[in-house]
Amino acid sequence: MYWLMKSEPTTFSILDLKSKPQSRDQWEGVRNYEARNYLKAMKQDELAFFYHSNCTVPGIVGIMKVTRTAWPDRTAFDPSSAYFDPQSISENPRWYCVEVELISSFSKIISLQQLRRLSSLSRMRLLQKGSRLSVMPVREAEWEMILSLAA
DNA sequence: GCCAACGTTGGC
DNA sequence: GCCAACGTTGGC
């Protein structure tokens, strides 16, 4: 499967990921059940687009690889974390994270505006009205189409 | 189980 | 900053 994962660049941008050791980090803080279920469905080495949301030019900025499959998100157990959830207990964790590694950073952002212009992408969950899901699958044909835009 | 109220997301 | 759309909560 292919994926798309959103992050607000003011919180965590593609440059932040790039600056990590081995360009790897934990994708944590997902607090939506559907998004969590997708996180748990991710397999080793699967690829995901990195999407910048809630910013001047929202869009896809690069590609990541899943380097570790889902395990309990410890930020949910940490009262000092912004992602703390008292209802998630370690014996029965509610939230999960994965580890990702940056594979490529696009020289130019593929903007949401640009994506919307392509009728072949109109079925993408990302582009549906009111869609707020932060982790979602991407169809192979859509993945290829978007990759060709990055070239 | 319904649904109003609320908080959040995210484009604009 | 605005606000539509959405998911979650909690009273009943």
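The chains referred to below are lettered A, B, ... by the order of the sequence lines, with proteins before strands, and numbering in each begins at 1. Below, all heavy atoms of this structure are taken into account, side chains as well, without hydrogens, waters or symmetry copies.
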Asks: For residues 119-126 of chain A, tabulate all N or O donor-acceptor pairs below 3.5 Å that involve a side-chain atom, not counting sequence neighbours.
Replies:
residue, atom, partner, partner atom, Å
A/S122, OG, A/S119, O, 2.9
A/R125, NH1, A/E34, OE2, 3.0
A/R125, NH2, A/E34, OE1, 3.0
A/R125, NH2, A/E34, OE2, 3.3

Asks: Between A/R94 and A/K129, which residue's closest nucleotide on DNA chain C lies nearer the 5′ terminus?
Replies: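 Nearest-nucleotide comparison on DNA chain C picks A/K129.
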
Asks: In chain order, what residues pass the salt bridge (Lys or Arg N to Asp or Glu O under 4.0 Å) check against A/E46, with sequence neighbours excluded?
Replies: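 Here no residue qualifies.
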
Asks: List for me each residue that meets side chain to side chain contact (heavy atoms under 4.5 Å, CB included) alongside A/E28, sequence neighbours excluded, and say none if there are none.
Replies: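 So A/E28 forms a side chain to side chain contact (heavy atoms under 4.5 Å, CB included) with A/Q26, A/D73, A/R74, A/T75, A/C97.
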
Asks: Within residues 50-59 of chain A, which residues have any heavy atom lying less than 4.0 Å from an atom of DNA chain C?
Replies: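 Those residues whose heavy atoms fall under 4.0 Å from DNA chain C, taken from residues 50-59 of chain A, amount to none.
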
Asks: List the residues meeting side chain to side chain contact (heavy atoms under 4.5 Å, CB included) with A/F12, not counting sequence neighbours, and say none if there are none.
Replies: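 So A/F12 forms a side chain to side chain contact (heavy atoms under 4.5 Å, CB included) with A/S7, A/D16, A/L17, A/K20, A/D25, A/W27, A/F50.
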
Asks: Using distance only, find each side-chain donor-acceptor pair of residues 133-147 of chain A under 3.5 Å and give its atom names and separation, not counting sequence neighbours.
Replies:
residue, atom, partner, partner atom, Å
A/R139, NH1, A/E142, OE2, 2.7
A/E142, OE1, A/R139, N, 3.0

Asks: According to side chain to side chain contact (heavy atoms under 4.5 Å, CB included), who are the partners of A/Q113, at least two apart in sequence or on a separate chain?
Replies: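 Scan of A/Q113 (side chain to side chain contact (heavy atoms under 4.5 Å, CB included), adjacent residues dropped) gives A/S111, A/R117.
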
Asks: Return the residues of residues 34-42 of chain A meeting this criterion: a heavy atom under 4.0 Å from some atom of DNA chain C. Order them by number, or give none.
Replies: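 Those residues whose heavy atoms fall under 4.0 Å from DNA chain C, taken from residues 34-42 of chain A, amount to none.
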
Asks: Output all residues satisfying side chain to side chain contact (heavy atoms under 4.5 Å, CB included) with A/A41, sequence neighbours left out; order by chain, then residue number.
Replies: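 If we apply the side chain to side chain contact (heavy atoms under 4.5 Å, CB included) test to A/A41, skipping adjacent residues, the hits are A/W3.
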
Asks: Could you list where the contact with chain A starts and ends along DNA chain C, reading 5' to 3', using a 4.0 Å heavy-atom cut-off?
Replies: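 It runs C/dA5 to C/dT9.
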
Asks: For residues 51-65 of chain A, tabulate all N or O donor-acceptor pairs below 3.5 Å that involve a side-chain atom, not counting sequence neighbours.
Replies:
residue, atom, partner, partner atom, Å
A/H52, NE2, A/I14, N, 3.1
A/N54, ND2, A/E8, OE1, 3.3
A/N54, ND2, A/E8, OE2, 3.4

Asks: Between A/R31 and A/D85, does any NZ, NE, NH1 or NH2 come within less than 4.0 Å of an OD or OE carboxylate oxygen?
Replies: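 No, no charged N to carboxylate O under 4.0 Å.
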
Asks: Mind checking ring pair (Phe, Tyr, Trp, His ring centres under 6.0 Å) for A/F84 and listing every partner two or more places apart, or none if nothing turns up?
Replies: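 Ring pair (Phe, Tyr, Trp, His ring centres under 6.0 Å) check on A/F84 returns nothing, list empty.
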
